[in-house]
2 protein chains.
Amino acid sequence: MLPPLIRIDLSIATPVYRQIVDAVRTHLVDGAFAPGDHLPPVRQLAMDLGVHFNTVAEAYRILAEEGWLDLKRRRGALVLRRGVPRPADPAAAPLFARRLRELVAEVRAAGVTRPRILRELLLVAKGLEA
Amino acid sequence: MLPPLIRIDLSIATPVYRQIVDAVRTHLVDGAFAPGDHLPPVRQLAMDLGVHFNTVAEAYRILAEEGWLDLKRRRGALVLRRGVPRPADPAAAPLFARRLRELVAEVRAAGVTRPRILRELLLVAKGLEA
DNA sequence: TTGTATGTACACAGACAATGTACAATAGGG
DNA sequence: CCCTATTGTACATTGTCTGTGTACATACAA
């Protein structure tokens, strides 16, 4: 069995619905979920994750507001071809810089080694160049 | 006036006390706050940030639990020489990989350009090599 | 037409975040 | 020594957020 595309962790502070949003959006950006695909129904994904279906529905609603999904009853969650990213909020890039540094600081403090962090950074950078 | 070392953003979902923790920890890791320094008293930092002092106190308490600070009444928050990072939880590195990808996906979706993201990743990577 | 698979709406319980207020400890001045 | 001001602490309170329960609306298929 392949590792599930979406996993959640009840032990961390990030609320489950936001973990779902983050995980699904990652797959949408990198193409693992492509326009025309259907996401699993809220009740099915909820079963897989062990949460209530309304929690999944909330995540789908947020993704629909972001323009990724078209939600229609009885038809499930259709992945849309999402228009060009809206012009970035000018604060977005500096905020990214800060959050990236905070994330790295957090994992360094947690004992992840510098080479390991470096490796992940460069892997992601590599993926962006393509 | 220099840009303040710590800033918070009431418009985002991350609670203020956690924003404070993240910002201060970043400075602790990169050395802007060094062992022997004193952080501002909770009431003063709270004034600067426009929040209640108990919110700052909560952030300081978390950092003290992480081993960064020694809190004593009337003496303020003393920055400790923090022992070697505890052995990393084996899940920490994979979790970092995931969170990094989620962060990048989020800002890409928000319209930050790939070169801009790449630049920040490489900047942080550079800082880690030193 | 009817049943059923789907998303939606909304109320509710519990957890969490931020604050208000009172208190405890301690450094420093007299 | 003792007092006082400055600092962190404790805990109750208030409002918001999260996750769930339950009932409903919609639309496809037989």
Side-chain angles (χ1 to χ4, degrees), chain A residues 6-25 28 33 35-80 102 106, chain B residues 6-25 28 33 35-80 82 102:
Chain A
I6 301 170
R7 256 175 306 179
I8 59 172
D9 183 345
L10 295 176
S11 77
I12 63 183
T14 307
V16 172
Y17 78 90
R18 200 129 21 95
Q19 292 186 46
I20 298 171
V21 169
D22 290 341
V24 173
R25 189 173 41 224
L28 289 163
F33 294 144
D37 289 350
H38 283 270
L39 299 190
V42 291
R43 284 167 179 80
Q44 182 188 318
L45 181 52
M47 284 280 292
D48 295 346
L49 300 178
V51 299
H52 195 273
F53 68 83
N54 273 338
T55 300
V56 175
E58 170 69 10
Y60 278 15
R61 241 171 269 131
I62 290 170
L63 290 163
E65 272 168 25
E66 292 184 7
W68 293 107
L69 301 181
D70 182 40
L71 299 178
K72 288 233 165 57
R73 294 175 212 235
R74 176 73 200 195
R75 246 229 357 250
L78 173 68
V79 177
L80 298 176
E102 288 177 351
E106 180 181 334
Chain B
I6 301 170
R7 256 175 306 179
I8 59 172
D9 183 346
L10 296 177
S11 78
I12 64 184
T14 308
V16 171
Y17 78 91
R18 199 130 22 94
Q19 292 187 46
I20 297 170
V21 169
D22 290 339
V24 173
R25 188 174 41 227
L28 289 163
F33 294 144
D37 290 350
H38 283 269
L39 300 190
V42 291
R43 285 168 179 81
Q44 181 187 320
L45 181 53
M47 284 282 290
D48 295 346
L49 299 178
V51 299
H52 195 275
F53 69 81
N54 272 338
T55 301
V56 175
E58 171 68 9
Y60 279 15
R61 241 171 270 131
I62 291 170
L63 291 163
E65 272 169 24
E66 291 185 8
W68 293 107
L69 301 181
D70 182 41
L71 299 178
K72 288 234 166 55
R73 295 175 213 234
R74 176 72 201 197
R75 246 230 358 249
L78 174 68
V79 177
L80 297 176
R82 183 162 173 271
E102 288 176 352

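Please read all numbers here as calculations on a predicted model, not as lab measurements. Proteins come first, then strands; the chains are lettered A, B, ... in the order of their sequence lines, and each starts at number 1.
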| Range on DNA chain C touched by chain B, heavy atoms, distance below 4.0 Å | C:dA17 to C:dA27

| said: Using a 4.0 Å cut-off on heavy atoms, which residues in residues 43-62 of chain B reach DNA chain C? List them by number, or say none. | reply: B:V51, B:H52, B:F53, B:N54, B:T55

| message | Filter on side chain to side chain donor-acceptor pair (under 3.5 Å), then keep only pairs touching residues 40-60 of chain B, sequence neighbours left out; what's left? | response | B:E58-B:R61

| query | Which atom names give the shortest non-hydrogen contact between A:A77 and A:L71, and what distance separates them? | reply | CB-CD2, 3.6 Å

| task | Apply salt bridge (charged side-chain N to carboxylate O under 4.0 Å, His left out) to A:E106 and list each qualifying residue two or more places apart in sequence or on a separate chain. | result | B:R25, B:R99

| said: Once ring-ring contact (aromatic ring centres under 6.0 Å, His included) is applied, do any residues pair with B:F33, and if so which ones, sequence neighbours excluded? | reply: B:H27

| query | A:L69 versus A:L80: any side-chain heavy-atom pair under 4.5 Å? | reply | no

| note | In short, side chain to side chain donor-acceptor pair (under 3.5 Å) pairs touching residues 11-20 of chain A with sequence neighbours left out are A:D9-A:S11

| field | Straight-line distance of A:L28 CG to A:L39 CG, nearest 0.5 Å | value | 6.5 Å

| remark: Readout for nucleotides 25-30 of chain D: B = base within 4.0 Å of protein heavy atom, S = sugar-phosphate only, - = neither; 5' to 3' it is BSBB--

| field | Partner residues of B:R75 under the salt bridge (charged side-chain N to carboxylate O under 4.0 Å, His left out) criterion, sequence neighbours left out | value | B:D70

| Contacting residues from residues 11-24 of chain A, given that a heavy atom lies under 4.0 angstrom of DNA chain D | A:P15, A:V16, A:Y17, A:R18

| query | Relative to the 5' end of DNA chain D, which residue comes earlier, A:L10 or B:L71, by the nucleotide with the nearest heavy atom? | reply | B:L71

| query | If a stem is a run of at least 3 consecutive Watson-Crick or G-U pairs, both distances under 3.5 Å, which stems include DNA chain D? | reply | C:1-30 with D:1-30

| remark: Between B:L78 and B:G36, the two heavy atoms sitting closest are CD1-O, 3.6 Å

| remark: Looking only at heavy atoms, the pair that brings B:I8 and B:V51 closest together is CD1-CG1, 3.6 Å

